[in-house]
Amino acid sequence: MKSPITCHVLDTSTGRPAQGVIIKLQQYEETEGDAFLFNPIAKGKTDFDGRCTDLLPPITSTETKDLLKPGLYKMIFRTKEYFDSQSVKTFYPWVEITFELSNLSEHYHIPLLISPYGFTTYRGS
């Protein structure tokens, strides 16, 4: 079984998976005032196929059930290090995607398409 939150990073400038992209998952914490506070809950790295399927233990584990709650989350992709490893200059050192987890029985897959000067994302399956 895989993590309830997974991702896939593809480098559209080469048409290949982006291997070795560092990923951080953060959970939003409600605060007073206008502050946006996100707490780190997991860290991973994309594999040879550009996927990170082991960010969290499966939802059946007690640890994951206690950690994940409906709410806002942010996934941070450290794209600069990836492009540096390819000897390519990039304009976006990090890509941050904020999303809402509303149903813990669903799988959340976040694909990211990157190039040195742009990126796009969508909700995958």
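All values below come from the heavy atoms of this structure, side chains included, with hydrogens, waters and symmetry mates left out. Bear in mind that the values here come from a model prediction, so they are computed numbers and not experimental data.
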Trainee: Please confirm whether the backbone N or O of Pro17 pairs with a side-chain atom of His8, one donor and one acceptor, at under 3.5 Å?
Mentor: no

Trainee: Are Thr79 and Val9 packed together at the side-chain level, in the sense that at least one heavy-atom pair is separated by less than 4.5 angstrom?
Mentor: no

Trainee: State plainly whether one hydrophobic cluster holds both Phe99 and Val21, where clusters connect Ile, Leu, Val, Met, Phe, Trp and Tyr through side-chain heavy atoms under 4.5 angstrom apart.
Mentor: yes

Trainee: Do Pro70 and Leu104 come within less than 4.5 Å of each other through their side chains, counting heavy atoms only?
Mentor: yes

Trainee: Test question: given the 4.5 Å side-chain rule for I, L, V, M, F, W and Y, name all other residues clustered with Leu72, or answer none.
Mentor: Tyr28, Phe36, Phe38

Trainee: Could you list all the ring-ring contact (aromatic ring centres under 6.0 Å, His included) pairs where at least one residue sits in residues 79-98, not counting sequence neighbours?
Mentor: Tyr92-Phe119

Trainee: Under 4.5 Å between any side-chain heavy atoms of Thr6 and Arg51, yes or no?
Mentor: no

Trainee: Any chance you could measure Gln19, atom CD, to Asp49, atom CG, to the nearest 0.5 Å?
Mentor: 9.5 Å

Trainee: Under a single-linkage definition using a 4.5 Å side-chain heavy-atom cutoff for Ile, Leu, Val, Met, Phe, Trp and Tyr, are Ile41 and Ile110 assigned to the same hydrophobic cluster?
Mentor: yes

Trainee: Once you round to the nearest 0.5 Å, how far does OG of Ser85 lie from NZ of Lys80?
Mentor: 10.5 Å

Trainee: Could you check whether any side-chain heavy atom of Tyr73 comes within less than 4.5 Å of a side-chain heavy atom of Met75, counting everything from C-beta outward?
Mentor: no

Trainee: Under the side chain to side chain donor-acceptor pair (under 3.5 Å) rule, what do Ser125 and His109 come out as? Steps first, then yes or no, please.
Mentor: CA-CA 6 Å; Ser125 58; His109 183 66; over 6 Å; no

Trainee: Kindly say whether Ile114 contributes a backbone atom to a donor-acceptor pair with the side chain of Thr12 at under 3.5 angstrom?
Mentor: yes

Trainee: Report yes if some heavy atom in the side chain of Phe77 is under 4.5 Å from a heavy atom in the side chain of Thr46; otherwise report no.
Mentor: no

Trainee: Is there a donor-acceptor pair under 3.5 Å between the side chain of Tyr108 and the backbone N or O of Cys7?
Mentor: no

Trainee: Quick test of your reading of the model: are Arg123 and Glu106 salt-bridged, counting only N-O distances below 4.0 Å?
Mentor: yes

Trainee: So, do Leu25 and Ile23 sit near enough that their side-chain heavy atoms are less than 4.5 Å apart?
Mentor: no

Trainee: Hydrophobic clusters here meaning ILVMFWY residues chained together by side-chain heavy-atom distances under 4.5 Å, can you tell me if Tyr117 and Val95 are in one?
Mentor: yes

Trainee: Between Pro4 and Leu68, which heavy-atom pair has the shortest distance, and what is it?
Mentor: CG-CD1, 3.6 Å

Trainee: Heavy-atom distance under 4.5 Å between the side chains of Tyr122 and Pro111, does that happen here?
Mentor: yes

Trainee: State the CD-CG distance between Gln27 and Leu37, to the nearest 0.5 angstrom.
Mentor: 10.5 Å

Trainee: Using a 4.5 Å cut-off on heavy atoms from C-beta on, say whether the side chain of His107 contacts that of Lys2.
Mentor: yes

Trainee: For the atom pair NZ (Lys45) and CG (Asp54), what is the distance rounded to the nearest 0.5 Å?
Mentor: 12.0 Å

Trainee: About how many Å separate CD of Gln26 and NZ of Lys43, when rounded to the nearest 0.5 Å?
Mentor: 12.0 Å

Trainee: Could you state whether Leu101 and Leu112 fall into the same hydrophobic cluster, counting links through intermediate Ile, Leu, Val, Met, Phe, Trp or Tyr residues with side-chain heavy atoms under 4.5 angstrom apart?
Mentor: yes

Trainee: What heavy-atom pair brings Leu55 and Ile5 nearest, and what distance separates the two atoms?
Mentor: CB-O, 3.9 Å

